[in-house]
Amino acid sequence: MSLNAESTAFRSALEVIRAVEPRVADAIGAELADQRESLKLIASENYASPATLLAMGNWFSDKYAEGTVGRRFYAGCQNVDTVEALAAEHARELFGASHAYVQPHSGIDANLVAFWAILADRVESPALKKAQVRQVNDLTEADWFALRRELGNQRMLGMSLDAGGHLTHGFRPNISGKMFDQRSYGTDPATGLVDYDKVAEAAREFKPLILVAGYSAYPRKVNFRILREIADSVGATFMVDMAHFAGLVAGKVFTGDFDPVPHAHIVTTTTHKSLRGPRGGMVLCGPELADQVDRGCPMVLGGPLPHVMAAKAVALAEARRPDFADYAQRIVDNAQALAEGLTRRGAKLVTGGTDNHLVLIDVTGYGLTGRQAEQALLDSGIVTNRNSVPQDPNGAWYTSGIRIGTPALTSRGLGVAEMDQTAELIHTVLSQTTSGESKAKYVLDPALADKVSKQANELLAGFPLYPAVDLG
Ligand code: PLP
């Protein structure tokens with residue numbers, strides 16, 4: 001039997017690895033088998049294309065390339081320049097941005113680059129000005145002291161964690177929560193939606209240097225035009241972290257007021273969630289911030305990962321194809337079908353539904369904590385993650401919510417009919433699970449978990465993952 005190119009490529013790679021450390025080759029094969037079998041509803045995960053995966057395993061991994069295209073601290077970067085420039089060009093074209101910086105190793109790193117660029121652009125500091133024009137030797141000890149004091153304690157207004165914001169938007173476990181003076185805006189307790197009047201009020205009172213929008217667990221569209229107006233009214237820089245919904249922006253599902261790129265001063269993203277690229281981050285901005293953004297490495301980033309930039313170029317080229325828009329629309333259609341299926345069966349959803357790729361179930365409606373629900377679903381072959389809900393009574397560890405997302409299952413080809421079946425499986429598990437003697441313990445009949453697991457597998461059988469990849 002003659003093998004197709006993808007099977008040959010992956011089989012050969014595993015054979016070469018197996019000759020050195022067979023346990024790594026086995027683990028890679030096992031990971032594919034596990035991913036093929038699980039009903040992956042983690043909203044932040046996806047399945048990158050074979051071309052994207054293969055672009056990462058090569059000699060680019062051996063190259064140092066600090067600096068940016070044409071301005072490197074290392075010699076011999078001409079091929080890295082090629083892939084970095086290609087990835088940036090695809091990103092600019094895809095998102096309609098004037099500048100793209102494709103080096104960040106992750107979403108958190110992209111946010112650090114953006115924070116640095118905004119601080120450097122906005123903070124009034126004569127010492128920083130001197131440092132920026134590379135007169136660092138002229139800086140006195142007093143200058144350095146002033147510079148540190150002036151960069152610290154700047155104000156950031158971002159979406160609260162329990163309303164769906166991200167840790168990097170000024171929260172304690174992240175450095176942003178330690179270096180910025182942070183306040184947050186939540187959502188309306190009655191509707192679960194962002195209340196723009198309240199955001200404006202908070203901005204007027206707090207006068208942030210940075211207004212941050214973007215989320216990890218908010219199931220609705222955000223109006224970036226209104227938020228930009230609020231930022232402008234108080235002189236704040238408007239930053240949007242579109243890590244979760246970048247694929248929906250790329251696929252033109254979010255346009256007009258809901259596309260952050262024309263409205264924000266700076267946009268950050270991951271490349272591996274709904275955008276379906278390699279694990280990594282990216283920053284988009286206008287010309288005013290471009291120079292500072294390009295200083296990301298070595299300012300806050302380690303050496304670029306040229307092999308990942310090559311994979312970003314491949315994935316972004318894929319996202320520019322017309323079929324990506326269809327994919328992005330199907331992500332949302334699937335999320336809405338899932339939300340409807342759950343609601344019809346009696347589940348309580350935060351905001352009552354979704355406009356994007358994710359659904360947040362308030363599992364207190366089933367008498368469970370998020371932790372209990374997450375584990376019970378996992379026992380039943382359904383991979384989700386627990387998440388806080390607004391004003392969560394169970395805190396950030398146990399939580400009261402389950403976040404589910406459709407980018408991965410949509411990549412696999414599942415559609416609205418399968419989403420209704422998925423809703424049935426989720427509801428069956430949650431309604432048959434009872435709370436145990438602690439917020440982590442629960443009771444679920446193993447026979448039922450087994451039955452649902454089998455049903456999940458049957459559902460997936462019609463939609464093979466990486467159908468062209470046969471590892472033998
Ligand atoms: N920003 C948002 C909104 C996210 O949801 C996440 C990850 O979940 C990140 C940033 C961090 O991305 P990474 O894990 O790539 O650092």
Side-chain angles (χ1 to χ4, degrees), residues 40-46 48 52 56 101-116 118 156-177 180 182 184-185 187 194 210-222 224 227 238-250 254 258 260-261 264 266-284 296-297 300-302 304-305 308-309 311-312 315 331 356-360 383-388 396 399 401 403-408:
K40 175 147 96 170
L41 285 162
I42 300 216
S44 50
E45 293 187 6
N46 210 328
T52 298
M56 276 184 281
Y101 181 64
V102 297
Q103 288 188 15
H105 309 332
S106 74
I108 287 189
D109 289 7
N111 287 348
L112 279 177
V113 172
F115 296 153
W116 163 255
I118 297 169
M156 173 185 286
L157 178 63
M159 191 178 209
S160 71
L161 261 189
D162 70 354
H166 189 256
L167 284 181
T168 50
H169 303 173
F171 296 95
R172 297 297 179 223
N174 181 259
I175 190 168
S176 60
F180 286 100
Q182 197 267 4
S184 45
Y185 54 89
T187 44
V194 172
I210 311 179
L211 174 65
V212 187
Y215 52 79
S216 304
Y218 179 70
R220 295 292 177 178
K221 285 181 181 170
V222 171
F224 299 113
L227 289 175
F238 182 38
M239 166 176 163
V240 177
D241 176 351
M242 63 170 183
H244 258 263
F245 55 90
L248 305 185
V249 179
F254 285 180
F258 307 105
V261 181
I266 189 161
V267 174
T268 59
T269 185
T270 55
T271 45
H272 49 272
K273 302 184 204 277
S274 54
L275 197 51
R276 205 164 64 183
R279 302 200 73 76
M282 208 161 64
V283 181
L284 307 172
C297 167
V300 293
L301 299 177
L305 308 175
V308 181
M309 291 196 287
K312 284 174 183 169
I331 291 177
N356 57 23
H357 63 298
L358 69 89
V359 175
L360 197 56
V383 190
T384 63
N385 64 286
R386 66 186 188 278
N387 210 100
S388 298
T399 81
R403 185 186 69 165
I404 51 184
T406 51

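In this text, all values refer to a predicted model and were calculated from it rather than measured experimentally. Atoms within each ligand, like the ligands themselves, are counted from 1 in listed order.
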request  = Applying side-chain contact (heavy atoms from CB on, under 4.5 Å), run through Phe115 and Met156 and close with a yes or a no.
outcome  = CA-CA 10 Å; Phe115 296 153; Met156 173 185 286; 3.5 Å; yes
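- Arg403 meets the salt bridge (Lys or Arg N to Asp or Glu O under 4.0 Å) test with no other residue; sequence neighbours excluded.
- Among Ile118, Thr268, Ile108, Val300, the one residue that satisfies the side-chain contact (heavy atoms from CB on, under 4.5 Å) test with Val113 is Val300.
- Sorted by chain and number, the heavy-atom contacts of ligand 1 below 4.0 Å come from Ser106, Gly107, Ile108, His166, Tyr215, Ser216, Asp241, Ala243, His244, Thr270, His272, Lys273.
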task = For Asn356 and Phe254, run side-chain contact (heavy atoms from CB on, under 4.5 Å): C-alpha distance rounded to whole Å, both residues' side-chain angles, the deciding distance at 0.1 Å, then the answer.
result = CA-CA 9 Å; Asn356 57 23; Phe254 285 180; 3.7 Å; yes
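- With sequence neighbours left out, the side chain to side chain donor-acceptor pair (under 3.5 Å) criterion links His166 to Thr168.
- Taking Arg220 as the reference, Asp355 meet the salt bridge (Lys or Arg N to Asp or Glu O under 4.0 Å) condition, with sequence neighbours excluded.
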